[in-house]
Amino acid sequence: MRRAVCPGSFDPITNGHLDIIARASKLYDVVHVAVMINQSKKGLFSIEERIELIREVTAEFGNVEVESFHGLLVDFCKQRDIPAIVKGLRAVSDFDYELQMAQMNNGLSGVETLFVPTNPTYSFLSSSLVKEVATWGGDVSHLLPPAVHRAVTERLGRR
């Protein structure tokens with residue numbers, strides 16, 4: 001069985017993330033979405049909320065499993081016998097950092113990293129940018145899956 005992982009914080013998952021996961025789901029039998037736990041950061045959504053949102057918006061693919069992880073991504077991969085990491089690249093600046101990570105991960109465990117160029121429609125998109133624009137009342141509906149947009153609007157409306 002061909003398995004890969006798409007890691008990230010996904011706070012929140014954007015259409016850019018979803019595009020990479022969808023494309024990976026066509027190439028692999030099982031795609032694990034690993035939601036990174038960073039105890040030092042306070043997110044807009046809890047880890048559990050992110051997992052639920054991701055499960056909701058990836059359900060149509062039929063081969064995506066979503067769970068959290070804490071620690072080294074290569075350990076997540078080893079524990080689940082996952083030989084490949086799939087990462088989206090938005091710009092050359094992403095490549096510099098991601099190449100170092102890919103080489104480190106491969107050196108630590110032999111796990112390969114595949115880089116997928118981001119759809120140009122989403123080349124500027126990040127969760128941080130979406131949160132900032134939404135916080136100030138900007139329209140981000142075209143950048144998020146509808147369920148995620150509803151959740152962001154509801155969450156920020158309470159603040």
Side-chain angles (χ1 to χ4, degrees), residues 1-73 75-77 79-82 84-91 93-94 97-98 101 113-159:
M1 187 171 306
R2 296 169 311 174
R3 304 160 74 84
V5 62
C6 292
S9 58
F10 305 105
D11 187 39
I13 187 169
T14 68
N15 286 339
H17 294 128
L18 195 56
D19 177 61
I20 298 299
I21 295 166
R23 290 159 65 191
S25 77
K26 293 176 185 170
L27 300 172
Y28 292 92
D29 299 316
V30 178
V31 175
H32 296 262
V33 175
V35 181
M36 181 177 64
I37 298 172
N38 185 342
Q39 309 267 338
S40 64
K41 278 188 165 180
K42 170 109 174 76
L44 181 62
F45 295 102
S46 70
I47 297 299
E48 295 76 20
E49 289 170 323
R50 292 180 217 175
I51 289 171
E52 279 308 307
L53 286 168
I54 297 166
R55 284 182 179 150
E56 183 176 347
V57 301
T58 61
E60 67 184 86
F61 306 139
N63 64 340
V64 174
E65 296 181 9
V66 186
E67 58 188 303
S68 63
F69 82 95
H70 184 269
L72 295 176
L73 181 58
D75 291 337
F76 179 93
C77 292
Q79 293 165 4
R80 291 156 184 83
D81 195 28
I82 300 171
I85 300 166
V86 176
K87 298 292 267 314
L89 292 178
R90 295 173 293 191
S93 56
D94 285 350
Y97 173 77
E98 294 295 349
M101 293 294 295
T113 300
L114 291 105
F115 297 124
V116 178
T118 300
N119 180 321
T121 304
Y122 309 122
S123 63
F124 66 92
L125 187 53
S126 71
S127 295
S128 299
L129 186 56
V130 165
K131 287 185 288 194
E132 184 174 345
V133 171
T135 297
W136 293 103
D139 180 13
V140 294
S141 60
H142 60 292
L143 305 175
L144 302 169
V148 177
H149 181 253
R150 282 190 299 277
V152 168
T153 301
E154 181 180 306
R155 180 64 44 93
L156 293 176
R158 286 192 207 153
R159 287 186 169 187

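Keep in mind that what you see is a predicted model, and the values were worked out from it rather than measured.
In this structure, CG on Asp139 lies 8.0 Å from CG on Leu143, to the nearest 0.5 angstrom. Taken from CD1 in Ile21 to NE2 in His32, the straight-line distance is 13.0 Å, to the nearest 0.5 Å. With values rounded to the nearest 0.5 angstrom, Leu156 atom CG is found 10.5 Å from Glu154 atom CD. Note that CE of Met1 is 11.0 Å distant from CG of Asp81, once rounded to the nearest 0.5 Å. A distance of 9.0 Å separates NE2 of His17 from CD1 of Ile20, quoted to the nearest 0.5 Å. Taking OG1 of Thr113 as the reference point, atom CE of Met101 lies at 8.5 Å (rounded to 0.5 Å).
Counting heavy atoms from C-beta on, the side chains of Asp19 and Tyr122 come closer than 4.5 Å. Residues Val86 and Val5 form no side-chain contact, since every pair of their non-hydrogen atoms from C-beta on lies 4.5 Å or further apart. You'll find the side chain of Asn38 stays beyond 4.5 Å of the side chain of Ser9, heavy atoms only. Looking at heavy atoms from C-beta onward, Glu65 lies in side-chain contact with Val30 at the 4.5 angstrom threshold. Side-chain contact between Leu114 and Lys87: absent, with no pair of heavy atoms (C-beta onward) separated by less than 4.5 Å.
The backbone N or O of Leu89 sits less than 3.5 Å from a side-chain atom of Thr118, completing a donor-acceptor pair. Panel note: side chain Asn15, backbone His142; a donor-acceptor pair is recorded below 3.5 Å. When atom types are taken as modelled, the side chain of Ser127 and the backbone of Phe10 share no donor-acceptor pair closer than 3.5 angstrom. A donor-acceptor contact shorter than 3.5 Å is absent between the side chain of Arg50 and the backbone of Ile13. For the pair Asp29 (side chain) and Arg2 (backbone), a donor-acceptor distance under 3.5 Å is present.
Nearest heavy-atom pair across Cys77 and Ile85 is SG-CG1, 4.1 Å. Across Ser68 and Ile51, no two heavy atoms sit closer than the pair N-CD1, 3.8 Å. In this structure, Asp94 and Arg90 approach most closely via the heavy-atom pair OD2-N, 2.8 Å. Residues Ala147 and Leu53 come closest through the heavy atom pair O-CD2, 4.0 Å. Across Arg3 and Ile82, no two heavy atoms sit closer than the pair O-CG2, 3.9 Å. Pairing each heavy atom of Asn63 with each of Ser25, the nearest pair is ND2-O, 2.9 Å.
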Residue pair Val31, Phe61: steps toward the side chain to side chain contact (heavy atoms under 4.5 Å, CB included) verdict | CA-CA 10 Å; Val31 175; Phe61 306 139; over 6 Å; no
Show your working on side chain to side chain contact (heavy atoms under 4.5 Å, CB included) between Ser126 and Thr14 and close with a plain yes or no.
-> CA-CA 7 Å; Ser126 71; Thr14 68; over 6 Å; no
Are Val140 and His149 close enough, and set up right, to give a side chain to side chain contact (heavy atoms under 4.5 Å, CB included), and what steps lead you there?
-> CA-CA 7 Å; Val140 294; His149 181 253; 3.9 Å; yes
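Ionic pairing of Lys131 and Asp11 is present here: one or more N-O contacts between side-chain nitrogen and carboxylate oxygen are shorter than 4.0 angstrom. A salt bridge links Glu67 to Arg80: at least one charged side-chain nitrogen sits closer than 4.0 Å to a carboxylate oxygen. Between Glu49 and Arg155 there is a salt bridge, since at least one side-chain N of the basic residue sits less than 4.0 Å from a carboxylate O of the acidic one.
Of the candidates Val148, Val33, Leu18, Ile54 forms a side-chain contact (heavy atoms from CB on, under 4.5 Å) with just one, namely Val33.
Between Phe69 and Phe76, the angle of the ring planes lies from 30° to 60°, which puts this pair in the tilted group.
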